[in-house]
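Here's the structure we're looking at; comments come further down.
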Amino acid sequence: MLDIKWMRENRDALAEAMRKLNDNTAPWEQALALDERRREILTRVEALRAERNSGSKGIGLLMREKKTAEANALKEEMGRIGDEIDGLDAELRTVDAYFEDAMLRIPNIPEPDVPVAEDESGNQVVKEWGTPPTFDFEPKAHWDLAEKLDIIDFERGVKIAGSRFYVLKGPAARLQRALINWFLDVHTAEHGYTEVYPPFLVREQAMLGTGNLPKFGDVLYRDAEEDYWLIPTAEVPVTNLHRDEILEAGTLPRSYVANTPCFRREKVSAGKDVRGIKRVHQFQKVEMVKFVEPEHGREELEKLTRDAEELAERLGLPYRRVAIATGDLSFVAAIKYDIELWAGGCQEWLEVSSCSLFRDFQARRANIRYRPEEGKGTEFVYTLNGSGLALPRVIIAILENYQQADGSVVVPEVLRPYMGGLEVIA
RNA sequence: GGAGGGAUGGCCGAGUGGACGAUGGCGGUUGUCUUGAAAACAACUGUGGCAGUGAUGUCACCGGGGGUUCGAAUCCCUCUCCCUCCGCCA
């Protein structure tokens, strides 16, 4: 959520930002109009309340002095004011509801250095690491490799749960577990993150806090009878750890890492990427989340992004960092880098991490504040997050890049201690 | 799932319709005293909205939402969470 005061005072900058985002649907003009109307009513209703408050006190005094007739006359007058307040209150409530809803549907403002473009065609590769492997044979896609090795069971996944579900088996299941454990060990032991195990089902309020609702309910799974939503990423429960809290400045930055399943309806992309495990309804992901002071936002984004990239480097997987353009930026992000791994079989760059700075956008929604050491009062924290990393696509990259002519797959060295010393999946 | 009890400021805890944004204690900040510290004493010590350049004024907030009333922390309804007992269960 944006700061309404800032919106009032920077109407032009706001309009310019929405233009850059290529978003014609954001109800920012409605929000500003509703805000004006809201304040108008508020001023009037509060003046009436002040009048009624002092009148009511007067009634109390008169009653004590047994001046019943005067008290009754005053009661009648206050009753009339009360009716007027009720009328304005009802109007205020309606205006407020529309105002809140509009505010929740306005996207974040991009950072000044985000590439400006209408859509993803403006995304910029800002860094490349490693060399895509070359093969002296025809490299296979992971679905072929996995089927031959009998380590991913696509058919039974579909039998049990439908399309876009899969079963990891034997060495593939263990490879995923090895990756998760190694990721968590690196982040906690070397990068200063605290591991958490959060709920995978959350209340609507939590989804509103991170910005997944109200706009993106169509990609979420939910309980039909109760207020439970399945998390699409650990970002949701972990960011909400500190909802409605005031953190002491000395305890910032706070860095958390969590390994959770992620559930996504992937409704928008039906028919796309149906083969393999590139786009699925359920997958495991290790997610990093930070709460920081505003002045350290950008610096922490760089650190977070490096924390993710380092994993790819140590796995020996070629990757590139992509700066996402304004028109392709997610609703909540002020700036976002995607990390994409090269997959030598299907010859594609696969997004395995999105590292974002949200500034105070999520913190305003979730009411996460801190007390600055200097000065008084409270400020909203800045939140950040990024995957480190999403499992299925890392598995794809390992299978495809480390494949050998006979269809076997070499296990990256850093993972061998986590695989019981296994060197080759054959 | 059934029955009952509860939720008050950073923490503990009082308050059952009228001067209560809320007694008191703890904690915190500042000051006095002291060479310094402790102790003692004193003052201050919640969050946010609106109007105003400002001093300031005003409104809201006693778990969330709604209602009754001239007036609600206090009465009623509802939701959430916590506790006790019963049932069930990895």
Side-chain angles (χ1 to χ4, degrees), chain A residues 1-9 31-104 197-209 213-214 222-223 225-229 237 240-252 261 360 363-381:
Chain A
M1 195 152 62
L2 299 177
D3 180 359
I4 184 64
K5 279 187 198 156
W6 181 89
M7 290 170 62
R8 272 181 221 147
E9 288 157 17
L32 282 170
L34 286 163
D35 172 56
E36 207 164 307
R37 180 79 191 116
R38 183 180 66 103
R39 281 149 60 214
E40 246 173 60
I41 303 170
L42 206 57
T43 312
R44 284 168 59 202
V45 86
E46 286 188 351
L48 288 171
R49 280 222 179 91
E51 204 176 322
R52 185 176 67 179
N53 284 348
S54 65
S56 291
K57 279 183 185 170
I59 291 170
L61 288 175
L62 290 169
M63 302 278 276
R64 199 166 302 168
E65 293 166 24
K66 308 270 194 244
K67 293 178 178 167
T68 318
E70 287 174 52
N72 284 339
L74 200 49
K75 261 192 202 181
E76 216 170 290
E77 200 189 328
M78 291 306 113
R80 277 196 301 275
I81 291 177
D83 291 343
E84 210 176 323
I85 291 174
D86 285 347
L88 285 174
D89 240 358
E91 197 184 345
L92 183 62
R93 221 175 295 167
T94 310
V95 171
D96 244 350
Y98 281 111
F99 171 68
E100 285 299 324
D101 185 68
M103 289 299 283
L104 289 175
Y197 171 83
F200 305 156
L201 298 174
V202 299
R203 297 243 184 262
E204 181 187 24
Q205 188 63 43
M207 289 289 186
L208 285 168
L213 288 175
R222 65 169 303 187
D223 185 286
E225 290 169 351
E226 291 183 78
D227 180 21
Y228 284 128
W229 299 74
N240 277 281
L241 275 179
H242 295 304
R243 193 177 79 224
D244 291 325
E245 288 185 23
I246 299 173
L247 306 171
E248 292 307 323
T251 68
L252 299 176
D360 56 358
R364 278 177 192 282
R365 291 176 158 244
N367 191 30
I368 308 168
R369 293 170 293 171
Y370 78 105
R371 247 180 256 288
E373 265 159 3
E374 303 286 318
K376 291 187 197 166
T378 56
E379 301 274 344
F380 289 106
V381 299

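Lettering of chains follows the sequences in order, A, B, ..., and the numbering in each one begins at 1.
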Could you tell me how far apart A/Lys67 (NZ) and B/C70 (C1') are, to the nearest whole angstrom? 18 Å
Could you work out which one of B/G49, B/G67, B/U80 sits closest to the side chain of A/Arg203? B/U80
A/Glu225 CD - B/G1 P separation (whole Å): 11 Å
Tell me whether the side-chain N/O atoms of A/Arg39 come closer than 4.0 Å to OP1 or OP2 in B/A51. yes
How would you label the contact of A/Arg80 with the nucleic acid (heavy atoms, under 4.0 Å): base, sugar-phosphate, or nothing? nothing
Got a salt bridge between A/Arg93 and A/Asp96, using NZ or NE/NH1/NH2 to carboxylate O under 4.0 Å? no
Once you apply a heavy-atom cut-off of 4.0 Å, does A/Arg364 come out as touching a base, just sugar-phosphate, or nothing? nothing
What's the gap between B/G64 and B/G10 when it is taken at their P atoms, as a whole Å value? 13 Å
Under 3.5 Å for both donor-acceptor distances, Watson-Crick or wobble: does B/A60 have a partner, and if so which one? B/U47
Separation between the C1' atoms of B/C26 and B/G9, rounded to whole Å: 13 Å
Salt bridge check, A/Arg37 against A/Glu40: does any charged N sit closer than 4.0 Å to a carboxylate O? yes
Could you check whether any side-chain N or O of A/Arg365 sits under 3.5 Å from a backbone N or O of A/Leu208, counting only pairs where one atom can act as donor and the other as acceptor? yes
Measuring to OP1 and OP2 of B/A51, would you say a side-chain N or O of A/Arg44 lies under 4.0 angstrom away? no
Which comes earlier along RNA chain B counting from the 5' end, the contact point of A/Thr43 or that of A/Leu74, where each point is its nearest nucleotide? A/Thr43
Students often get this wrong, so: under 4.0 angstrom with heavy atoms, is A/Ile59 touching a base, only sugar-phosphate, or nothing? base
Which value, in whole Å, describes the distance between the P atoms of nucleotides B/A7 and B/U74? 12 Å
Determine whether A/Asp89 and A/Arg49 make a side-chain contact, defined as any pair of heavy atoms from C-beta on separated by less than 4.5 Å. yes
Would the number of heavy atoms belonging to other residues, nucleotides or ligands and lying under 6.0 Å from CD of A/Glu65 be above 12? yes
Return whichever of A/Gly60 or A/Arg371 has its heavy-atom-nearest nucleotide of RNA chain B closer to the 5' end. A/Gly60
Using the P atom on both, measure B/A42 against B/U8 and round to a whole Å. 29 Å
Rounded to whole Å, CD1 of A/Ile4 lies from C1' of B/C50 at a distance of 13 Å
C1' gap between B/A51 and B/G66, integer Å: 29 Å
Rounding to the closest angstrom, what is the interatomic distance between B/G15 and B/U56 at atom C1'? 32 Å
Taking the C1' atom of each, how far is B/U58 from B/A40, in whole Å? 41 Å
More than 12 heavy atoms of other groups within 6.0 Å of A/Arg44 CZ: no
For B/G71, give the paired nucleotide (Watson-Crick: N1-N3 plus N6-O4 or O6-N4; G-U: N1-O2 and O6-N3; both under 3.5 Å), or none. none
Complementary nucleotide for B/G9 - Watson-Crick or wobble, under 3.5 Å: none
Listed pairs, N/O of protein and of nucleotides 58-61 of chain B, under 3.5 Å:
residue, atom, partner, partner atom, Å
B/C59, OP1, A/Asn53, ND2, 3.1
B/C59, O2', A/Glu46, OE2, 3.3

For A/Lys57 and B/U69, what is the distance between atoms NZ and C1' respectively, to the nearest whole Å? 17 Å
Whole Å only: how far is the CG atom of A/Leu92 from the C1' atom of B/C50? 11 Å
Should B/G21 form a Watson-Crick or G-U wobble pair with both distances under 3.5 Å, which nucleotide is its partner? none
Round to a whole Å and report the spacing from CE of A/Met103 to C1' of B/G49. 14 Å
Expressed in angstrom and rounded to an integer, what is the separation of A/Gln205 atom CD from B/G63 atom P? 18 Å
Short side-chain N/O contact from A/Arg369 to OP1 or OP2 of B/G48, under 4.0 Å: yes
Ignoring hydrogens and angles, tell me if any N or O in the side chain of A/Arg203 forms a donor-acceptor pair with the backbone of A/Asp227 under 3.5 Å. yes
Could you check how far CG of A/Asp244 sits from P of B/U80, rounded to whole Å? 18 Å
Can you tell me the Watson-Crick or wobble partner of B/U32, both distances under 3.5 angstrom? B/A40
B/G17 to B/U32 separation - C1' atoms, rounded to the nearest Å: 44 Å
From the candidates B/C50, B/G48, B/C70, the one with an atom nearest any side-chain atom of A/Thr378 is B/G48
I'd like to check A/Asn240 versus A/Val202 (side-chain heavy atoms, cut-off strictly below 4.5 Å). Are they in contact? no
Could you check whether any side-chain heavy atom of A/Leu201 comes within less than 4.5 Å of a side-chain heavy atom of A/Asp223, counting everything from C-beta outward? no
